[in-house]
Chemist: 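Let me give you the structure first, and then I'll get to my questions.
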Amino acid sequence: MFVRIVKMSFHSKYIPDFLAMFEEKKQSIKDREGCEFLELYQDKNNPEIFFTYSHWKHVDDLEAYRNSELFKNVWKQTKAMFNDKPYAWSVDKLVSLS
């Protein structure tokens with residue numbers, strides 16, 4: 001399992017559109033094979049900055065999602081709302097405390 005973190009920054013006027021789109025698509029994303037967990041975060045100091053945080057079983061599962069029509073449609077809608085370059089990291093979880 002690994003974690004995918006994506007940082008996105010939106011024009012303020014598009015934040016309601018992004019949130020509505022995410023609400024509509026989140027379950028379809030979560031239902032993709034290999035996606036075990038999905039969350040969306042908004043920065044406390046800059047409300048234009050958002051992060052998605054997802055857990056994937058295998059890199060191949062993430063790549064299959066990234067090559068899917070679902071991702072292509074979501075990404076096309078999302079990137080039109082950006083006010084800055086997005087950043088993405090694939091990381092291994094080393095420690096987790098609850």
Side-chain angles (χ1 to χ4, degrees):
M1 193 239 6
F2 71 98
V3 177
R4 181 73 166 183
I5 303 166
V6 180
K7 177 186 177 191
M8 301 167 286
S9 185
F10 296 95
H11 293 282
S12 292
K13 66 182 180 180
Y14 293 128
I15 291 172
D17 296 335
F18 169 71
L19 291 172
M21 188 271 307
F22 190 84
E23 182 65 28
E24 178 186 328
K25 304 292 186 185
K26 67 184 180 185
Q27 194 61 52
S28 295
I29 297 168
K30 170 61 181 74
D31 289 344
R32 291 291 306 188
E33 184 172 339
C35 184
E36 299 180 325
F37 183 83
L38 176 64
E39 288 184 326
L40 176 67
Y41 303 108
Q42 185 175 27
D43 189 275
K44 282 195 162 298
N45 298 313
N46 183 346
E48 294 181 343
I49 297 175
F50 289 80
F51 298 86
T52 56
Y53 181 84
S54 54
H55 294 185
W56 295 85
K57 286 183 183 177
H58 304 285
V59 172
D60 292 344
D61 296 326
L62 174 61
E63 287 307 310
Y65 165 62
R66 292 183 69 218
N67 289 310
S68 71
E69 286 304 310
L70 173 62
F71 176 82
K72 290 174 187 175
N73 291 332
V74 167
W75 195 246
K76 182 179 179 181
Q77 290 177 320
T78 303
K79 72 180 182 179
M81 299 182 239
F82 289 157
N83 67 7
D84 199 2
K85 178 183 173 183
Y87 294 91
W89 299 269
S90 292
V91 298
D92 291 322
K93 184 188 297 189
L94 300 181
V95 176
S96 180
L97 302 174
S98 334

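Hydrogens, waters and symmetry mates play no part in the numbers below; they use all other heavy atoms, side chains included. Just so you know, these numbers come straight off a predicted model, no measurement behind them.
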Chemist: Tell me whether Met21 shares a hydrophobic cluster with Phe51, the cluster being built from Ile, Leu, Val, Met, Phe, Trp, Tyr side chains joined at under 4.5 Å.
Modeler: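 Met21 and Phe51: separate clusters.
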Chemist: Could you work out, with salt bridge (charged side-chain N to carboxylate O under 4.0 Å, His left out) as the rule, every residue matching Glu23, not counting sequence neighbours?
Modeler: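 Testing Glu23 for salt bridge (charged side-chain N to carboxylate O under 4.0 Å, His left out), a comparison that skips the adjacent residues, returns Lys26.
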Chemist: State yes or no: do Phe22 and Tyr53 share one hydrophobic cluster built from I, L, V, M, F, W and Y residues joined by side-chain heavy-atom distances below 4.5 Å, directly or via other members?
Modeler: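 Unlinked, Phe22 and Tyr53 end up in two clusters.
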Chemist: Treating Ile, Leu, Val, Met, Phe, Trp and Tyr as nodes and any side-chain heavy-atom pair under 4.5 angstrom as an edge, say whether Phe71 and Trp89 lie in one connected cluster.
Modeler: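 No, because Phe71 and Trp89 fall into different hydrophobic clusters, even though each may have its own neighbours under 4.5 Å.
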Chemist: Taking only residues at least two apart or on different chains, which pairs with a member in residues 33-43 satisfy side-chain hydrogen bond (donor to acceptor under 3.5 Å, both in side chains)?
Modeler: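 Sorted pair list: Glu39-Tyr41.
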Chemist: Leu97: which other cluster members, linking ILVMFWY side chains closer than 4.5 Å, directly or transitively?
Modeler: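 Members besides Leu97, by chain and number: Leu94, Val95.
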Chemist: Could you check whether any side-chain heavy atom of Ile15 comes within less than 4.5 Å of a side-chain heavy atom of Asp17, counting everything from C-beta outward?
Modeler: no
Chemist: Any heavy-atom pair between the side chains of Met8 and Tyr87 that's under 4.5 Å?
Modeler: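 Contact flag for Tyr87/Met8 side chains = no.
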Chemist: With sequence neighbours left out, which residue pairs that include part of residues 4-16 fulfil the side-chain hydrogen bond (donor to acceptor under 3.5 Å, both in side chains) condition?
Modeler: Arg4-Ser90, Ser9-Asn83, Ser12-Glu48
Chemist: Are Val74 and Leu19 connected, step by step, through hydrophobic side chains (Ile, Leu, Val, Met, Phe, Trp, Tyr) whose heavy atoms are closer than 4.5 Å?
Modeler: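 Yes, Val74 and Leu19 fall within the same hydrophobic cluster.
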Chemist: Please tell me if the side chains of Val91 and Phe2 come closer than 4.5 Å, counting only heavy atoms from C-beta onward.
Modeler: no
Chemist: Going by heavy atoms in the side chains, are Pro86 and Trp75 under 4.5 Å from each other?
Modeler: yes
Chemist: Passes side-chain contact (heavy atoms from CB on, under 4.5 Å), Phe18 versus Leu40? Steps please.
Modeler: CA-CA 11 Å; Phe18 169 71; Leu40 176 67; 4.0 Å; yes
Chemist: Per the side-chain hydrogen bond (donor to acceptor under 3.5 Å, both in side chains) rule, what does the pair list look like for residues 57-67, sequence neighbours excluded?
Modeler: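 Pairs touching residues 57-67 that pass the test: Glu63-Arg66.
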Chemist: Which residue pairs pass the salt bridge (charged side-chain N to carboxylate O under 4.0 Å, His left out) test with at least one member in residues 75-98, sequence neighbours excluded?
Modeler: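 Every candidate salt bridge (charged side-chain N to carboxylate O under 4.0 Å, His left out) pair involving residues 75-98 fails, so no pair, neighbours aside, qualifies.
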Chemist: In this structure, which one of Ile29, Val6, Thr78 forms a side-chain contact (heavy atoms from CB on, under 4.5 Å) with Thr52?
Modeler: Val6
Chemist: Find the distance between CG (Leu62) and OG (Ser54) and round it off to the nearest 0.5 Å.
Modeler: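 Rounded to the nearest 0.5 Å, the CG-OG separation comes out at 7.0 Å.
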Chemist: Taking all heavy atoms of Leu38 and all of Lys30, pick out the closest pair and write down the distance.
Modeler: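 Of all heavy-atom pairs spanning Leu38 and Lys30, the closest is CD2-N, 4.2 Å.
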Chemist: Please name the pair of heavy atoms, one in Ala64 and one in Arg32, separated by the smallest distance, quoted to 0.1 Å.
Modeler: O-NH2, 3.5 Å
Chemist: Rounded to the nearest 0.5 Å, what separates atom CZ in Phe50 from atom CE in Met81?
Modeler: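 One finds 10.5 Å between CZ of Phe50 and CE of Met81.
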Chemist: Does the pair Cys35 and His55 meet the rule for a side-chain contact (heavy atoms from CB on, under 4.5 Å), with working shown?
Modeler: CA-CA 6 Å; Cys35 184; His55 294 185; over 6 Å; no
Chemist: Would Val3 end up clustered with Phe37 when hydrophobic side chains under 4.5 Å apart are linked, directly or stepwise?
Modeler: yes
